[in-house]
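Down below is the structure, laid out as structure tokens.
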Amino acid sequence: MNSLIFVSIIYIMLALALCYRLFKGPSAVDRVVAADSIDLLTVVALVLFAVYSKRAIYLDIALTLAILGFIGTLLISKYLEGKL
Amino acid sequence: MLLLNYITCIILIVLGLYTIVTKKNFMKIVIGMGLLDYGINLLLISVGFKAGGTAPIFTINELDRSSFFVDPVPQALTLTSIVIGACVTALALALVIMINKHYGTLDTDKVRRLKG
Amino acid sequence: MLFAFAGTIGVLRMPDAYCRMQSSTNIATLGTLGALVGGFILALTLGNTVMALKIIFIAVFIIITNPVAGHAICKAAYKSGVKAEKLICDDYGRDFPNE
Amino acid sequence: MNNIVLLNVLILIGILVSAILTVYFDDLLSSIVALGAVGSFVALEFILLHAPDVAIAEAAVGVVLQPVIFIVALRKVRGLENEEVFSLFFFNSIFNNWLLYSF
Amino acid sequence: MKPTKLSSVLSTFIFCYLFWILFTWTFTSQELIAGAVVSLLVAVLTARFFIHENAFYLFNPVKFINLVLYIFIFLKELWKANVDVARRSLNPNLPVNPGIVKVPVSLESEYGMSMLANSITLTPGTITMDITEENGKHYYYIHWIDVSEKDREKAGEAIKGTLESWIRRIWK
């Protein structure tokens with residue numbers, strides 16, 4: 001069971017590497033894409049931690065993030081397109 | 001483990017206060033209020049944590065007999081605090097929109113000068 | 001895990017914004033789906049069917065919602081005038097100029 | 001148990017980096033996006049502290065609702081400025097055309 | 001606004017109720033009755049946004065088996081494209097030559113077109129940007145990471161591959 005925590009540590013490190021792109025990105029679109037990918041990696045780490053601690057209720061948060069996480073991206077793209 | 005949590009919460013609160021005090025843009029001030037909210041919520045949850053406990057929500061047959069809970073009272077407090085924080089953010093943004101409609105700017109200095 | 005690593009490296013290294021989006025879909029598909037399938041198999045061997053069903057639902061919703069955000073952000077990037085460095089051919093700019 | 005401590009430290013570093021980026025950016029849109037990243041990391045930290053109900057509320061508010069409110073407000077604020085600039089430009093172009101056609 | 005038909009309401013109701021049962025996974029009578037009431041309410045309110053074409057179309061068993069087969073075909077394509085893009089991004093020379101091509105598509109149903117566009121976006125290396133209609137035929141604008149064919153028909157063959165024929169087998 002310890003390998004699950006190890007894998008999720010690697011995913012969080014990848015999310016930290018995406019924070020560099022959040023810092024460096026020349027335009028707003030790069031930052032939006034990086035934030036969306038950070039959301040997805042967070043979902044994966046959450047699922048792995050839920051399987052580690054054997055509680056089914058922890059998966060609801062991952063479900064919420066996976067369903068609702070794209071609305072922010074959609075709205076930002078509508079804003080950049082100029083029609084909201 | 002918990003010491004690092006407390007340090008992070010205090011740094012978050014200080015960052016929020018720094019943003020509120022020094023930035024000149026109204027939207028940036030509201031963003032600083034959001035950061036301060038995150039810091040306080042994290043601090044409240046970290047107070048109620050006990051190592052090795054599980055969550056205080058369960059269905060029957062899911063837990064062992066030897067498992068124990070983390071403290072549920074700060075979680076209830078924080079649940080209220082998050083909702084109130086969202087409402088405060090919405091109200092502050094409405095005020096920002098009205099200020100922009102009246103004065104035509106977002107800079108704090110110019111608004112104060114027009115008022116004086 | 002390898003694919004998520006490759007996708008992150010791609011996001012960090014790619015020259016312009018559109019190629020970065022391609023690498024981001026690389027993270028979203030096999031980088032997450034591999035870990036989710038692994039968690040699904042582990043939950044089944046633990047005998048926990050509710051957890052396995054919820055993991056399947058998470059995978060399905062990621063697959064449904066990710067391309068919608070992909071279309072929207074790519075179109076918005078083109079409309080808001082992000083420069084791409086070296087395009088081989090550009091039919092969209094030829095058909096809808098000055099946008 | 002040791003690995004969980006390491007995971008906790010990494011998530012705390014993520015929160016701090018995203019928060020510092022939020023304060024650092026001058027552009028408002030980038031700052032809002034970084035605030036969304038802070039919300040995502042904070043939800044993960046709540047799960048590590050075994051508080052699932054708080055984490056659900058945090059994920060719904062911090063990742064979705066708060067950037068939506070901020071972007072709508074930003075649209076209202078920027079919309080006024082853009083409309084003024086656009087109307088001035090439009091008036092100028094009409095005026096120039098009228099000058100051209102009158103001759 | 002057209003009046004909603006009974007069949008579309010019924011199929012939306014079945015869909016929502018299936019989702020409710022799969023989410024809760026407890027078979028006590030209280031939860032089943034509450035789920036029926038809630039999904040009936042949702043079905044009456046939102047059926048006119050959800051189904052535009054013939055309801056009960058997917059209950060045909062041949063179409064459903066084709067849909068299940070399509071998922072496996074799509075997973076195979078996904079694996080190939082993922083290996084390709086991962087190798088490209090790990091290569092130190094970074095061999096990309098991106099471009100935007102315009103590709104004709106010969107599907108008619110709305111669901112089929114959106115499903116093909118989503119499949120193209122989900123495979124790494126290609127992103128659909130827009131859909132236009134010119135004198136009766138539909139076109140996609142696709143951003144492609146490795147443009148090898150500039151001609152429209154050949155590029156369409158290279159991007160879509162076998163996906164389009166499978167989708168035509170599902171949705172007309």
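Below, each value reflects all heavy atoms present in this structure, side chains not excepted, and no hydrogens, waters or symmetry copies. What you are looking at is a predicted structure, and each value in this text was computed from that prediction instead of being measured. Per chain, numbering begins at 1; letters A, B, ... match sequence-line order.
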With a 4.5 angstrom heavy-atom cut-off, is it the side chain or the backbone of [X] that approaches chain B, or both, or neither?
X     : answer
D/E58 : both
D/F25 : backbone
D/V61 : side chain
D/I20 : both

When B/V70, B/T89, B/V96, B/I45 are compared by non-hydrogen pairs under 4.5 Å with chain D, the top option: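 Max contact count across the listed options: B/I45.
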Option that, when pairs with chain D are counted at under 4.5 Å, heavy atom only, ranks first among B/I7, B/L42, B/I11, B/N41: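 Counting heavy-atom pairs under 4.5 Å, the top option is B/L42.
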pair [X]-[Y]: side-chain heavy atoms closer than 4.5 Å:
X     : Y     : result
B/K23 : D/V23 : yes
D/L35 : B/L35 : yes
B/T19 : D/T22 : no
B/L93 : D/K76 : no
D/L49 : B/N5  : yes
D/I15 : B/L12 : yes

Identify which part of [X] has an atom lying under 4.5 Å from any heavy atom of chain D, answering side chain, backbone, both or neither.
X     : answer
B/S46 : both
B/V83 : neither
B/K50 : neither

Go through it in stages, so that I can follow the logic: the residues are D/L28 and B/N25, the test is side chain to side chain contact (heavy atoms under 4.5 Å, CB included), and I'd like the CA-CA distance, side-chain angles, deciding distance and then a yes or no. CA-CA 9 Å; D/L28 282 176; B/N25 199 336; 3.8 Å; yes
Gap separating the [atom1] atom of [X] from the [atom2] atom of [Y], nearest 0.5 angstrom:
X     : Y     : atom1 : atom2 : result
B/I31 : D/F70 : CD1   : CZ    : 5.0 Å
D/F41 : B/Y38 : CZ    : OH    : 12.5 Å
D/I11 : B/T8  : CD1   : OG1   : 11.0 Å
B/M27 : D/I32 : CE    : CD1   : 5.0 Å

Minimum-distance pair of heavy atoms, taken over all atoms of B/G34 and D/Q66: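 Looking at all heavy atoms of both residues, the shortest contact is CA-NE2, 4.3 Å.
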Which pair of heavy atoms, one from B/L79 and one from D/D53, lies closest together, and at what distance?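 Taking B/L79 first and D/D53 second, the nearest heavy atoms are CD1-O, 3.9 Å.
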B/Y18 atom OH, over 12 foreign heavy atoms within 6.0 Å: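 No, OH of B/Y18 has 12 or fewer neighbouring heavy atoms, counting only those of other groups under 6.0 Å.
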Under 3.5 Å: donor-acceptor pair, side chain of B/Q75, backbone of D/H50: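 Yes; judged by distance alone, with no hydrogens or angles, the pair exists.
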